[in-house]
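Reading through the structure tokens given below for one structure.
Residue numbers begin at 1 in each chain, while the letters A, B, ... track the order of the sequences.
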4 protein chains.
Amino acid sequence: MPPSVTSDENPLRRKVLDAALELFEERTWDGTNVPEIAARAGVAVGTIYRYFPNKQALGEAVFTEAKTAFANAVITDEVRKADPVTAIKMIWQHQIAFATAYPQAFSFLEHQVHGSYLRPQALEVVHRLNTELVEILQAAQAIGAVRPGDPQLLLSMVFGAFVGVTKYSRASGIPLSAYDWGSIGQAVMSLLGLKDHEPGEFTDP
Amino acid sequence: MPPSVTSDENPLRRKVLDAALELFEERTWDGTNVPEIAARAGVAVGTIYRYFPNKQALGEAVFTEAKTAFANAVITDEVRKADPVTAIKMIWQHQIAFATAYPQAFSFLEHQVHGSYLRPQALEVVHRLNTELVEILQAAQAIGAVRPGDPQLLLSMVFGAFVGVTKYSRASGIPLSAYDWGSIGQAVMSLLGLKDHEPGEFTDP
Amino acid sequence: MPPSVTSDENPLRRKVLDAALELFEERTWDGTNVPEIAARAGVAVGTIYRYFPNKQALGEAVFTEAKTAFANAVITDEVRKADPVTAIKMIWQHQIAFATAYPQAFSFLEHQVHGSYLRPQALEVVHRLNTELVEILQAAQAIGAVRPGDPQLLLSMVFGAFVGVTKYSRASGIPLSAYDWGSIGQAVMSLLGLKDHEPGEFTDP
Amino acid sequence: MPPSVTSDENPLRRKVLDAALELFEERTWDGTNVPEIAARAGVAVGTIYRYFPNKQALGEAVFTEAKTAFANAVITDEVRKADPVTAIKMIWQHQIAFATAYPQAFSFLEHQVHGSYLRPQALEVVHRLNTELVEILQAAQAIGAVRPGDPQLLLSMVFGAFVGVTKYSRASGIPLSAYDWGSIGQAVMSLLGLKDHEPGEFTDP
DNA sequence: CATGAATGAGAATTCATTCAT
DNA sequence: CATGAATGAATTCTCATTCAT
């Protein structure tokens, strides 16, 4: 069972969400069936339906919870108050910290392009997070600290590169905690063209 | 129907593969049902089973065909003969060309981490391609042209960044052909720490 | 392919009937599919439908042909002219001869209690044969040569005992030609209570 | 619904087995479809799959249950303790009793030469019963009470004759209880050449 | 409130039959 | 006339959901 991204009032609901996250990550939402989720959660099938009206709602809940936790972890109030360059560096560290602590949740979020089961409402969190990130990047571009160009695109590349690292981690079995985040950070900051960072700045979280 | 990555002896088999690729990309293998594939291919359900023993085999065929086409497009004999730095630049251009010509095939391949329907044999192509790419990267590192560090990891990051671009393309509706590949290339080569490239080198394919 | 119980005008139709008999005997009518019949007959599926409107008609044709051949083999004009006791002995010998020459046809006929695919018309031959046999048995009872009692029942028992021998033959792999038909005949004639037969009369056909 | 040959813990499983026996007897295993079984059992299709992994397993369960019940009914401990001649007579009576009480089960067992759906394991019961019967017959031959010759063959004939009676019963609609079992018994014992039985011994069960 | 047996709509697969070549 | 690819209705089996206990 993966570590929960949030604590939950009800322990059974919690177990269901955790089991579901784990299985959706392993197999896909479509590829997972409800009895399996119940089995892994150690509850009866009927119990799942006490907490979620149907499988789609369970999927949305898993997604929304994970995405919200990710957004909150990555953009904190401290980040909001920091200058753009510092903010970017903090976000990078937060992302590493989140993906290290909750690898399954992170991986699950990764694959939700295909969210046939996600209604637009569930995607709001995604947009909010995106907007905030883009704004920070634009601010950094405005002061010439980051390479010019479509900020969305830059963001996608940076995030993509990080996802690449996590995929490699899962494929190779080498946990995220084992990487040389200093040099990965330098590489990624080069990608952004980020001026104004001293060598040795990026250290393992 | 997406453009086919290969031509095929049998036109019905071809239509089935194309329709399946398209739907698997839109929805997931598990999330697509056989009648839908038949409908989109414009054939009867039974026809699919003339060419593929079952849905899993169809999934494998779609995957293997796309992955093989990708591998062949990316690493050509020319690439094999070139020096490491040139090879890397060629691969990068080939990847852009493939993803531009066959966006659905590329996107489909992207999401096949979850290939519950892929037997180990189907993953051979993946390993072969990977090995070749890593060797080229190592050669480039050996001559000091590329940032040191685990070549697999660097590869994952570069590929991840590119996937980030394609995801953004799909999400935003801006086709790959519309991007400033010159600056994207420079950004990515910075990620690799690639020495020895002149400004203005990376232009749209 | 089993030996055909009749010769047939058309060689393809013949091959289909033979293959079908063989498969229906091995598997059941329901359990046999048309492509299999075609394969065993060495013809294309479509060819079957040139000679038989559908699978049911093919089943009926196989049945009717085999049953008719059996009836003609068992009750000949010679039998009809003979006295009841001689007739019974001849019928017994004919039955052995038929089952020996066409074991698959005989076995197939055996299992057609379940002829869900046989329309009443196809069962006419059965009734005709049965009527003739019963009449002979009644004549033998009338002259006190055979045990009294329902002649149908006696007939069922004698035929049942013979079927028992053929089943054993198929199960054990010992061909019918290898049995001691003399003593089997004596045993069965005891079952009928048949008076008036000398020892040593029943010999292998 | 036929009378069940055994009682069963679970009433739904019981209903499914009973309905299946009935239909397999009427139509053949191949000729019966699962929804029909469900309908006759008065359960939903899915329910059948709660108790049996697939149609083949259901077929095997029906067969094994019926055959085991038959074996247990026919060879009891009393039979095992009796002298060969008495044992044979008891077996004969038991067989009549079983076929009278469970005509469908008996008829079903009859037609299972074609058990394409029976794995070897399911046929073990058959062999066990057969072995016991043959041993008893051999013992009777050893003391000269039964006609000499292959005991398997004699057994097949006696059983075949009995099956003949039951087939006639089903075809004619005259129930087994209506026959003159005394004279049938005498006829069959003549078939065996069974010495040492007094007239009038075989009476209806 | 939790359970898990029962349900039946829907998904995968088979196969009798047709028909263009 | 023979062929066998194509068809789609029928069949087996799965699984989201309900509901009596």
Side-chain angles (χ1 to χ4, degrees), chain A residues 10-13 15-16 30-39 41-59 117, chain B residues 10-13 15-16 30-39 41-58, chain C residues 10-13 15-16 30-39 41-59 117, chain D residues 10-13 15-16 30-39 41-58:
Chain A
N10 188 304
L12 288 187
R13 189 173 192 277
K15 287 201 282 181
V16 171
D30 291 287
T32 306
N33 60 35
V34 178
E36 258 177 322
I37 301 171
V43 303
V45 204
T47 303
I48 291 180
Y49 286 86
R50 184 155 296 287
Y51 295 103
F52 305 96
N54 50 45
K55 190 187 170 186
Q56 168 168 330
L58 171 57
Y117 61 94
Chain B
N10 187 305
L12 288 192
R13 188 173 193 276
K15 287 200 284 180
V16 171
D30 291 288
T32 306
N33 62 32
V34 178
E36 264 176 320
I37 301 171
V43 303
V45 199
T47 302
I48 290 181
Y49 288 89
R50 283 201 81 62
Y51 295 103
F52 305 96
N54 49 47
K55 190 186 166 187
Q56 169 169 330
L58 171 57
Chain C
N10 187 305
L12 288 188
R13 189 174 192 275
K15 287 201 282 180
V16 171
D30 291 288
T32 305
N33 60 35
V34 178
E36 258 177 322
I37 300 171
V43 303
V45 205
T47 303
I48 292 180
Y49 286 86
R50 185 156 296 287
Y51 295 103
F52 305 96
N54 49 46
K55 190 185 169 187
Q56 169 167 330
L58 170 57
Y117 61 93
Chain D
N10 187 305
L12 288 193
R13 189 174 193 274
K15 287 201 283 180
V16 170
D30 292 288
T32 306
N33 62 31
V34 178
E36 263 177 320
I37 301 171
V43 303
V45 196
T47 302
I48 290 180
Y49 288 89
R50 281 200 82 60
Y51 294 104
F52 306 96
N54 49 48
K55 190 186 167 187
Q56 170 170 328
L58 171 57

Give me the atom names and distance for the closest heavy-atom approach of [X] to [Y].
X        : Y        : answer
Pro35(D) : Val45(D) : CA-CG2, 4.5 Å
Asp30(A) : Gly31(B) : CG-CA, 3.4 Å
Asn54(C) : Tyr49(C) : CA-CE2, 3.9 Å
Asn10(A) : Tyr51(A) : ND2-OH, 2.8 Å

In whole angstroms, how far is the [atom2] atom of [N] from the [atom1] atom of [X]?
X        : N       : atom1 : atom2 : result
Leu58(B) : dT13(E) : CG    : P     : 10 Å
Ile37(B) : dG10(E) : CD1   : P     : 18 Å
Leu12(A) : dA2(E)  : CG    : P     : 5 Å
Lys15(D) : dA5(E)  : NZ    : P     : 16 Å
Asn54(B) : dT13(E) : CG    : P     : 5 Å
Asp30(C) : dT11(F) : CG    : P     : 10 Å

- Message: Show me, range against range, the stems involving DNA chain E, built from at least 3 consecutive Watson-Crick or G-U pairs below 3.5 Å.
- Response: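 Correct response: E:2-21 with F:2-21.
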Does [N] have OP1 or OP2 sitting under 4.0 Å from an N or O in the side chain of [X]?
X        : N       : value
Asn33(D) : dT11(F) : yes
Tyr49(A) : dT3(E)  : no
Tyr51(A) : dA2(E)  : yes
Arg50(D) : dA5(E)  : yes

- Message: Under 4.0 Å, counting only non-hydrogen atoms across every strand here, what does Phe52(A) touch: a base, just sugar-phosphate, or nothing?
- Response: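 Phe52(A): no heavy atom of the nucleic acid under 4.0 Å.
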- Query: What is the nucleic acid contact for Val45(C), judged by heavy atoms within less than 4.0 Å: base, sugar-phosphate only, or nothing?
  - Reply: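 Counting heavy atoms under 4.0 Å across all strands, the contact made by Val45(C) includes a base.
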- Reported CZ-to-OG1 distance for the pair Arg13(C) and Thr47(C), which is rounded to 0.5 angstrom: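 It comes to 13.5 Å.
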- Task: Kindly compute the distance separating NZ (Lys15(C)) from CD1 (Ile37(C)), expressed to the nearest 0.5 Å.
- Result: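 Rounded to the nearest 0.5 Å, the NZ-CD1 separation comes out at 14.5 Å.
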- Query: Toward the 5' end of DNA chain E, which comes first, Val43(A) or Pro35(C), by nearest nucleotide?
  - Reply: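 It is Val43(A) whose nearest nucleotide is closer to the 5' end.
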- Message: If you assign Thr32(C) and Gln56(B) each to the DNA chain E nucleotide with the nearest heavy atom, which residue ends up on the more 5' nucleotide?
- Response: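 Nearer the 5' end of the strand: Gln56(B).
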- Considering heavy-atom distances to DNA chain F, does Ala44(C) or Gly46(B) have its closest nucleotide positioned more toward the 5' end?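 Here Ala44(C) is the residue nearer the 5' end.
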- Task: Select from Lys55(D) and Ile48(C) the residue whose nearest nucleotide in DNA chain F is closer to the 5' end of that strand.
- Result: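 Of the two residues, Ile48(C) wins.
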- Is there a donor-acceptor pair under 3.5 Å between the side chain of Lys55(C) and the backbone N or O of Thr32(C)?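 Checked: pair present.
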- Query: Side chain of Thr47(A): nearest nucleotide among dA2(F), dT3(E), dA6(E)?
  - Reply: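 Nearest to the side chain of Thr47(A) among the choices is dT3(E).
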